[in-house]
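Quick notes on the structure that follows.
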Amino acid sequence: MDSALEKEINNLQEFLDASTSPFHAINNVKELLVGHGFSEVPGHDNWDSRTNRNFFIRDGSIVAWVEADNLPFENGFRILGAHTDSPNLRLKPLQLLSSNTFGQLSVETYGSPLLNSWLDRDLGISGRVIVEGDPFAQVLFSSNGAICRIPQLAIHLDRDVNKKGLKLNAETHLAPIWTDLPADSLAFNEWIADQLSISSRKILSWDLMLHDAQESTILGANEEWLVSGRIDNLVSCYAAITALSDFDVSNSETIPLVCLFDHEEVGSVSSVGASGNFLSTVINRIMSGCSSESRAVAFEKSFCASVDGAHATHPNYPERHDLNHIVKLNEGIVIKRNANQRYATDGIGEAFSKKICVNSEIPFQIFANRSDLSCGSTIGPTTAASLGVRTIDIGVPQLSMHSAREICGVEDQHHLRTFCQSFFSS
Ligand code: ZN
């Protein structure tokens with residue numbers, strides 16, 4: 001690996017390791033943007049006195065954009081969209097679970113995690129804690145290293161597991177052990193309060209989740225793969241936001257904008273999800289002095305790229321893939337097509353994406369799902385529907401999608417970043 005790529009991948013690993021929840025991802029994105037001269041605009045006040053480099057945060061979602069005095073909004077936007085959430089296990093509001101032998105945590109699944117990947121893994125806890133304030137405040141929380149584990153049943157007590165497959169009940173089999181003590185002698189609230197150095201009476205609620213405490217790593221005979229939790233979709237978030245923060249708008253003909261949404265893994269229907277009005281409201285506020293006709297013209301001239309993970313062809317399961325559309329790690333970004341609009345790319349979008357790749361010397365591959373398997377989706381179709389903006393679906397290929405630990409190619413993340421930069425000036 002050359003030193004420039006190594007530096008890039010190290011920065012990405014730092015972001016992945018530190019972004020253990022959507023709230024941490026947003027905070028890390030915020031720090032990166034502030035370091036590049038961006039300012040946060042307030043939700044509860046008008047944006048008349050904003051600068052040219054701005055961002056707006058609501059919970060686990062963010063919109064960031066760059067304006068220029070000689071760049072009219074009517075020229076349209078180049079919108080890069082991705083999601084900050086990943087499938088995982090989330091803590092329920094009351095933590096009273098106790099067996100005869102252990103204090104345990106009550107959890108529920110978020111999205112569609114590969115449940116087996118969470119077993120026998122050293123797990124940390126992270127997210128946000130809501131505390132007393134005026135009327136309340138949120139505090140980021142991340143446990144210092146691993147704190148709990150979901151132990152798999154020994155094979156001696158489940159002799160057929162390798163032949164019949166592992167069946168896990170989400171209510172009864174996934175509760176992590178976190179202490180030898182029964183629940184009432186080490187109340188979870190007390191533990192969290194102790195970690196935050198506050199009184200437990202100040203804790204009102206939380207949005208907490210489990211994460212793999214093992215840091216990301218590089219592997220392969222030639223250091224060709226990145227292994228980490230949350231590759232889907234923090235690799236895309238990082239590529240999009242670094243492309244924006246480095247982008248020189250002085251020669252641009254359109255407004256570059258990045259929107260990172262929470263709640264994609266659970267359908268995007270929320271006040272901060274891609275199916276809601278979060279992004280359109282922000283764009284309306286950006287264009288508050290413009291006529292509705294100007295807004296319509298801007299949307300007509302805009303393009304959106306939904307950046308999300310793509311399935312590489314699995315070497316052990318070739319029968320699960322359309323082998324006319326083979327996708328390999330480190331062979332370039334993936335342009336995703338699906339006639340049923342599970343991906344938003346149409347023929348024009350594919351041509352547009354290929355042009356960017358050819359002009360910027362970015363290798364690319366085309367993905368189509370097997371026709372007899374149901375296809376995944378992204379924020380692409382829902383963003384296209386809510387804005388009425390032509391949209392493409394692209395991303396880096398990966399294996400083990402929705403595992404607690406996924407794998408992608410170190411070169412593909414670089415190609416994705418180059419694509420994001422080129423997209424802004426396309
Ligand atoms: Zn995704």
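First listed ligand is number 1; within each ligand, the first listed atom is number 1.
Judged by distance alone, the side chain of Arg90 and the main-chain N or O of Leu208 form no donor-acceptor pair under 3.5 Å. Panel note: side chain Arg121, backbone Asp212; no donor-acceptor pair is recorded below 3.5 Å.
Atom OD1 is the N/O/S atom of Asp232 found closest to the Zn ion (ligand 1).
The Zn ion (ligand 1) has an N, O or S atom of Asp308 closer than 2.8 Å. Among the backbone and side-chain atoms of Glu264, no N/O/S atom is found under 2.8 Å from the Zn ion (ligand 1).
Summarising the local packing, CD of Glu108 is surrounded by more than 12 heavy atoms from other residues, nucleotides or ligands at distances under 6.0 Å.
Taking the six-membered ring for Trp, Phe55 and Phe38 have ring centres at least 6.0 Å apart.
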